[in-house]
Visitor: 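One structure coming up, written as structure tokens, with questions to follow.
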Amino acid sequence: MVFRIGRAIGAVAIGAATLLASGLPAEAVEPAAEASAAPAASAAASAAASAAALPPAEGALIILAVEDRGEPLPGAGGSPRGDYRRMAGYAGSARAEAMSEGLAHDYHLREQAAWTIAPLNLRCMLFALAPGDDLDAMLARLRRDARVRLAQPLNEFEALGGTPPAPGPREPASSSAPSAPSAPPAAPSAAAAPAPYNDPYFGLQKGFQQMSAASLQQVSLGERVKVAVIDTGVDARHPDLAGRLSGQRDYVTGGGAYVDSVPERHGTEVMGLIAARANNRQGIVGVAPGAVMLSYRACWTAPPREDRGAASARCNSFTLAQALGAAIADGADVINLSLGGPSDPLLTQLARHAQARGAVIVAAAPPARLGKGFPSDVPGALVIANAGEPTEVAGELAAPGRAVLTTVPGGSYDMDSGSSLATAHASGVVALLRAAMPGLDAERLKRALLASMGGSGVINACAAAMTLGIAGLRCDSATSDASTRR
């Protein structure tokens, strides 16, 4: 079921080098769909030119880090070498670069990329092992080297969504004819209570209503709270998202460059649940429609694989580390990570640094097949499960994530499921609460949200706000009851 406005937009090109670095076939690269994607397509073509230098074998790539206390660059933390080496006045990199070259020589490594993470005083390098080298043995040797601050594999992660849409025919990028609109959903019955919003699909937003988000929006829309969405690209031209992103950066094909619109499904779904405009007579209502939204493309759309189920998007340590560093430098207050994968020392260091600077990490609970790993294993992160799914993890929060209506590329709306969407719902609630009570830390948020779940098993925004003592609220009776059962 897809509710469409305007014409469909195809997938944006994905760099062959990035795909190969993650063990994905270069055939997954698709052509750009519209003129605005030209910079990404150009970057993809540039990356493809050097893709032959990357070993296709999964596990043949590692990340090393050495100390680098040079002066930070504007936006440091997400600046790949190709950017910062051309900039005048970058101090301190000569020593770090000399160490990197020494390590490459001593261990017969081939450098694929390098970037700085100024908040951690690290220079990171993506290296390819020499043919025949054993990954575990090489990492063990490197960890004993006094020059090395961190040595780990290049890990792969996936977005934790539901079943991706079945592939269909793509509309040519040159076509200007709009698609035939799908039948809109049925409007709420006349007998229903009047909706507090004029957005036509609000009546279908059961999760929004279950969380009593409208009650908390009486006093907070998330204003001035910076929410970072680290995910696939976002269709910033979607009518419900137009003007809502204060910036979007591409770490898959763009080297961290600012881009306009990258119409990929998963990131657009997550962004819509958090940030869709309210009372614009269009589509749905975001949980935090006043929040300052930051988008970092660190994941890319990919076809499902048999060993990974129905994942619709993938990322790796390289792209996620750059995006996290940039989110920290940009002062993100809430960081939404609707993804999962193995434990990752570098990413965990970055997440912990973000927390030390006051950010709240909102992480998707992983399915059983993945087990505990980044980001759900970050101490202090708010881990969000999909409500209604069995969980044995003490202290885990739950939010609606089944059959959720949200934005998808091309001005459309669709239903999807997964802890990715539950996490987006929770990030929106966190933004509302932090806007109403600036400085609210993750521990107090977690206690209030746990208390708000009551018998429903779902976080309740209004009940959590009452627990925190936020004034000016009028919650329904069920919400009020939940706030007193603690």
Side-chain angles (χ1 to χ4, degrees), residues 63 65-79 92 96 115-124 149-152 155 157 222 224-231 247 249 251 256 291-294 296 298 317-341 343-364 372-384 395-397 423 426-427 429-431 433-435 437-450 468:
I63 291 177
V66 298
E67 184 178 53
D68 187 351
R69 292 189 175 273
E71 291 298 324
L73 294 174
S79 299
W115 74 105
T116 57
I117 301 179
L120 300 182
N121 295 314
L122 293 178
R123 181 181 194 267
C124 296
R149 290 298 182 91
L150 178 145
Q152 67 169 70
N155 290 316
F157 300 82
R224 296 179 298 281
V225 174
K226 292 183 178 179
V227 180
V229 173
I230 299 177
D231 211 288
R249 299 179 70 176
Y251 290 97
V292 179
M293 301 305 302
L294 307 169
Y296 304 89
S317 308
F318 175 60
T319 56
L320 288 171
Q322 293 178 81
L324 267 170
I328 292 169
D330 290 340
D333 301 301
V334 181
I335 300 177
N336 185 96
L337 293 167
S338 291
L339 52 92
S343 295
D344 191 290
L346 177 59
L347 299 181
T348 297
Q349 281 192 43
L350 281 163
R352 296 286 283 168
H353 185 79
Q355 292 170 320
R357 293 183 56 161
V360 175
I361 304 293
V362 186
K372 199 76 169 176
F374 183 85
S376 61
D377 64 355
V378 174
L382 302 184
V383 181
I384 312 299
E396 198 168 80
L397 302 167
T423 303
S427 289
V429 171
V430 169
L433 293 169
R434 295 202 85 184
M437 185 175 281
L440 186 61
D441 62 35
E443 185 56 37
R444 290 185 68 195
L445 274 167
K446 184 174 182 178
R447 289 199 300 267
L449 289 170
L450 279 172
L468 291 165

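On a predicted model such as this, the values are computed, not experimentally measured, just so you know. If you read the sequence from its start, that first residue is 1, and numbering goes on from there. Keep in mind that the numbers below use all heavy atoms, side chains included, and drop hydrogens, waters and symmetry copies.
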Visitor: In sequence, state the C-alpha distance, the side-chain angles, and the governing distance for S343 and D377, and then conclude on side-chain hydrogen bond (donor to acceptor under 3.5 Å, both in side chains).
Guide: CA-CA 7 Å; S343 295; D377 64 355; 2.6 Å; yes

Visitor: Starting from the C-alpha separation in whole Å, work towards a yes-or-no answer on side chain to side chain contact (heavy atoms under 4.5 Å, CB included) for S317 and L346.
Guide: CA-CA 8 Å; S317 308; L346 177 59; 5.7 Å; no

Visitor: Using only atom types and a distance under 3.5 Å, with no angle test, would you say the side chain of R434 pairs donor to acceptor with the backbone of K226?
Guide: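 No, the answer is negative, given that no donor and acceptor are paired below the 3.5 Å cut-off.
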
Visitor: Looking at I230 and A323, what are the two nearest heavy atoms and their distance?
Guide: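 Distance-wise, the nearest heavy atoms are CG2-CB, 3.9 Å.
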
Visitor: Measure the shortest side-chain to side-chain distance between V378 and Q355 over non-hydrogen atoms and say whether it is less than 4.5 angstrom.
Guide: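 A side-chain contact exists here, since the closest heavy-atom pair is under 4.5 Å.
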
Visitor: Applying side chain to side chain contact (heavy atoms under 4.5 Å, CB included), run through L339 and L320 and close with a yes or a no.
Guide: CA-CA 11 Å; L339 52 92; L320 288 171; 3.9 Å; yes

Visitor: Could you check whether any side-chain heavy atom of D231 comes within less than 4.5 Å of a side-chain heavy atom of S338, counting everything from C-beta outward?
Guide: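 D231 vs S338: side chains touch.
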
Visitor: Quick check for you: to the nearest 0.5 Å, what is the distance between E67 atom CD and L120 atom CG?
Guide: 11.5 Å

Visitor: Determine whether D333 and V360 make a side-chain contact, defined as any pair of heavy atoms from C-beta on separated by less than 4.5 Å.
Guide: no

Visitor: How long is the straight-line distance from CH2 of W115 back to CD1 of I63, given to the nearest 0.5 Å?
Guide: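 Interatomic distance, I63 CD1 to W115 CH2, rounded to 0.5 Å: 4.5 Å.
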
Visitor: So do the side chains of T423 and N336 get within less than 4.5 Å of each other, counting heavy atoms only?
Guide: yes

Visitor: Carefully, step by step, assess N155 and L347 under the rule side chain to side chain contact (heavy atoms under 4.5 Å, CB included).
Guide: CA-CA 10 Å; N155 290 316; L347 299 181; over 6 Å; no

Visitor: Is the shortest heavy-atom distance from the side chain of Q349 to the side chain of I117 under 4.5 Å?
Guide: no

Visitor: Roughly how far, to the nearest 0.5 Å, is the CG atom of L122 from the CG atom of L350?
Guide: 8.0 Å

Visitor: Do T348 and R352 make a side-chain contact, defined as non-hydrogen atoms from C-beta onward lying under 4.5 Å apart?
Guide: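 The answer is yes; the side chains approach within 4.5 Å.
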
Visitor: Which pair of non-hydrogen atoms, one from P375 and one from A381, has the smallest distance, and what is that distance?
Guide: O-CB, 4.2 Å

Visitor: Hey, are the side chains of F157 and D344 touching, using non-hydrogen atoms and a 4.5 Å cut-off?
Guide: yes

Visitor: Taking all non-hydrogen atoms of both residues, which atom of A228 and which atom of A327 are closest, and how far apart?
Guide: CB-CB, 4.0 Å

Visitor: Determine the minimum heavy-atom distance between Y251 and G256, stating which atoms define it.
Guide: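 In this case the closest contact between Y251 and G256 is CE2-CA, 3.3 Å.
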
Visitor: Taking all heavy atoms of A65 and all of C124, pick out the closest pair and write down the distance.
Guide: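 For A65 versus C124, the nearest heavy atoms are CB-SG, 4.0 Å.
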
Visitor: Closest heavy-atom contact between L324 and F374?
Guide: CD1-CZ, 3.9 Å

Visitor: May I ask you to decide if A332's main-chain N or O and D330's side chain share a donor-acceptor pair within less than 3.5 Å?
Guide: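 Flag not set: sc D330 to bb A332 has no pair under 3.5 Å.
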
